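Have a look at the structure below, then the notes.
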Number of protein chains: 2
Amino acid sequence: MDEVHIRTRRDHASEIAEDYVEAIAEFVAVKGSCRSVDLAECFAVTPATVNNTVARLVRNGLVITAPYQPIGLTSKGRKLALKCKERHEVVNAFLIAIGVDAGTAAADSEGIEHHISKTTLAAMKKILADGWPAISIAIEKQNE
Amino acid sequence: MDEVHIRTRRDHASEIAEDYVEAIAEFVAVKGSCRSVDLAECFAVTPATVNNTVARLVRNGLVITAPYQPIGLTSKGRKLALKCKERHEVVNAFLIAIGVDAGTAAADSEGIEHHISKTTLAAMKKILADGWPAISIAIEKQNE
DNA sequence: TGAAAATTTTAGCCTTGGCTAATTTATTGG
DNA sequence: CCAATAAATTAGCCAAGGCTAAAATTTTCA
Ligand SMILES: [Mn+2]
Ligand SMILES: [Mn+2]
Ligand SMILES: [Mn+2]
Ligand SMILES: [Mn+2]
């Protein structure tokens with residue numbers, strides 16, 4: 001039972017990093033660059049908190065900064081951002097597919113995304129693409 | 001966009017409390033009482049960490065303790081434990097229903113559970129009971 | 001251009017949730 | 001019954017992730 005909690009703690013440790021690289025990539029994509037204020041507004045934290053966090057991401061090799069300059073991603077950061085964005089979108093779409101309204105799906109998926117294994121992500125993608133498992137079985141039986 | 005992250009941070013703040021009350025209720029149910037060692041083993045943390053955390057849960061009115069005595073729940077704690085256990089089980093069952101293996105479902109649900117809103121929980125329960133939304137539509141169409 | 005506003009950084013504080021090491025208290029077996 | 005073992009507590013440490021307040025820098029615009 002305990003490896004389960006170790007997994008969950010590991011997920012949490014990378015959670016903020018994942019949200020930051022995803023947000024930075026998004027700001028760069030839609031408005032050309034990402035500034036501290038953007039992240040502060042986006043996460044509803046103070047600029048001081050952004051500074052602390054960004055410093056840690058730099059230490060971890062995900063982000064590049066220079067004093068008073070925009071915040072950019074390393075190639076490692078971009079790669080992580082891409083993976084997280086895709087996973088986030090799948091989780092969000094899946095929640096909507098099971099009948100959750102868009103606002104709730106957006107809120108829930110923001111937390112859920114970080115705890116989705118490759119296996120569960122694959123299961124969600126499969127259902128989004130092929131429909132519910134039982135349907136396939138039913139169709140197979142029909143085609144017998 | 002930022003209320004979403006405020007929600008996620010609030011979920012995290014109560015996450016450990018939720019896991020602890022759930023575990024305490026479980027130990028009481030299956031072996032009559034819950035001791036520090038039980039929780040330390042269960043969460044893969046040191047006894048010192050359990051002590052810290054339990055002290056905070058006492059401050060928050062979820063847990064009762066006396067020195068060198070077993071750990072118990074207040075009625076507030078029991079109520080929370082019940083709610084969390086049910087939610088946890090629904091999430092776990094739902095993951096299995098979408099084709100995830102039991103081991104992965106157990107691991108993923110441990111983190112996911114804390115980020116599931118009432119709305120999403122209801123959607124999962126409905127599907128576990130009634131099947132996938134599209135099926136109902138198909139059946140309705142068949143019955144026309 | 002130069003003063004005001006916006007942005008970024010720094011310093012210092014807090015809580016949570018981890019840890020180790022040492023001590024204290026309970027439990028158990030010979 | 002008491003010594004060894006087990007369990008619980010205490011003390012002191014750390015990093016993450018929040019905050020406020022103040023200082024420094026950059027940008028804007030009258
Ligand atoms: Mn995300
Ligand atoms: Mn997120
Ligand atoms: Mn989480
Ligand atoms: Mn959990």
Side-chain angles (χ1 to χ4, degrees), chain A residues 2-24 27 31-72 110-111 114-115, chain B residues 2-24 27 31-72 110-111 114-115:
Chain A
D2 51 352
E3 326 79 32
V4 158
H5 296 283
I6 293 169
R7 222 302 289 285
T8 303
R9 282 198 294 272
R10 207 178 47 238
D11 291 345
H12 275 153
S14 38
E15 187 156 342
I16 299 247
E18 292 181 346
D19 284 341
Y20 267 64
V21 295
E22 199 183 331
I24 293 167
F27 278 117
K31 47 156 283 197
S33 76
C34 177
R35 309 286 324 203
S36 284
V37 267
D38 299 325
L39 296 173
E41 202 268 332
C42 159
F43 293 123
V45 295
T46 62
T49 296
V50 170
N51 233 51
N52 279 342
T53 304
V54 165
R56 186 164 41 86
L57 300 184
V58 168
R59 285 201 303 277
N60 296 347
L62 294 166
V63 158
I64 19 174
T65 46
Y68 298 95
Q69 285 311 114
I71 295 162
E110 192 60 69
H114 311 282
H115 302 281
Chain B
D2 51 353
E3 327 79 32
V4 158
H5 294 95
I6 293 170
R7 223 301 290 283
T8 303
R9 282 198 294 272
R10 205 175 51 236
D11 291 345
H12 276 152
S14 37
E15 186 156 344
I16 299 247
E18 292 182 346
D19 284 341
Y20 268 65
V21 295
E22 199 183 331
I24 293 166
F27 279 117
K31 47 155 283 192
S33 77
C34 177
R35 309 288 321 205
S36 285
V37 267
D38 299 325
L39 296 173
E41 203 268 332
C42 159
F43 293 122
V45 296
T46 62
T49 295
V50 170
N51 232 55
N52 279 342
T53 303
V54 165
R56 186 164 41 85
L57 299 184
V58 168
R59 285 202 302 277
N60 295 348
L62 293 166
V63 158
I64 20 173
T65 46
Y68 299 96
Q69 286 309 114
I71 295 162
E110 192 60 67
H114 311 282
H115 302 280

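By convention in this document, chain letters (A, B, ...) are assigned in the order of the sequence lines, proteins followed by strands, and residues within each chain are numbered from 1. Computed from a predicted model, the values in this text were never measured in an experiment.
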*Shortest non-hydrogen contact from A:Tyr20 to A:Val45?*
OH-CG2, 4.2 Å
*Between D:dT25 atom C1' and A:Gln69 atom CD, what is the distance in whole Å?*
11 Å
*asked:* I need the A:Leu39 CG to A:Thr53 OG1 distance, nearest 0.5 Å.
replied: 9.0 Å
*Taking the side chain of A:Ser36 as its heavy atoms from C-beta onward, which of D:dC19, C:dA21, C:dT8 lies nearest to it?*
C:dT8
*asked:* Quick check on DNA chain D: between A:Asn60 and A:Pro47, whose nearest nucleotide comes earlier from the 5' end?
replied: A:Asn60
*Would you please confirm or rule out a distance under 4.0 Å between OP1 or OP2 of D:dA16 and any side-chain N or O of B:Arg9?*
no
*To the nearest angstrom, how far is A:Asp19 atom CG from D:dG18 atom C1'?*
15 Å
*Which one, D:dA16, D:dA11, C:dT10, comes nearest to the side chain of A:Arg59?*
D:dA16
*Should B:Asn51 be listed as having a side-chain N or O under 4.0 Å from OP1 or OP2 of D:dA8?*
no
*5' priority, DNA chain D, between B:Val37 and A:Tyr68 [closest heavy atom]*: B:Val37
*Value rounded to 0.5 Å, distance of CG in A:Asn51 from OG in A:Ser36*: 5.5 Å
*Separation of D:dA15 P from A:Ile16 CD1 (nearest whole Å)*: 17 Å
_Whole-Å gap separating P (C:dG18) and CG (A:Asp11)_ = 13 Å
_What's the separation between atom CZ in B:Arg10 and atom CZ in B:Arg7, rounded to the nearest 0.5 Å?_
6.5 Å
*Answer with base, sugar-phosphate or nothing: what part of the nucleic acid does B:Thr49 contact at a heavy-atom distance below 4.0 Å?*
base
*Given the side-chain rings of A:His114 and B:His115, with only the six-membered ring counted for Trp, is the space between their centroids under 6.0 Å?*
no
*asked:* Please confirm whether the shortest side-chain N or O distance from A:Arg35 to OP1 or OP2 of C:dT7 is below 4.0 Å.
replied: no
*asked:* Taking the nucleotide of DNA chain C with the nearest heavy atom to each, does B:Ala44 or B:Pro67 sit closer to the 5' end?
replied: B:Ala44
*asked:* Among C:dT9, C:dT20, D:dG18, which nucleotide has an atom closest to any side-chain atom of A:Val45?
replied: D:dG18
*In whole Å, what is the span from the CG atom of A:Asn52 to the C1' atom of C:dT8?*
13 Å
*Select base, sugar-phosphate, or nothing to describe what B:Thr46 touches, counting heavy atoms under 4.0 Å on all strands.*
base
*Whole Å only: how far is the OH atom of B:Tyr20 from the P atom of C:dT16?*
14 Å
*When the distance from CG of A:Leu39 to P of D:dG18 is rounded to whole Å, what number comes out?*
12 Å
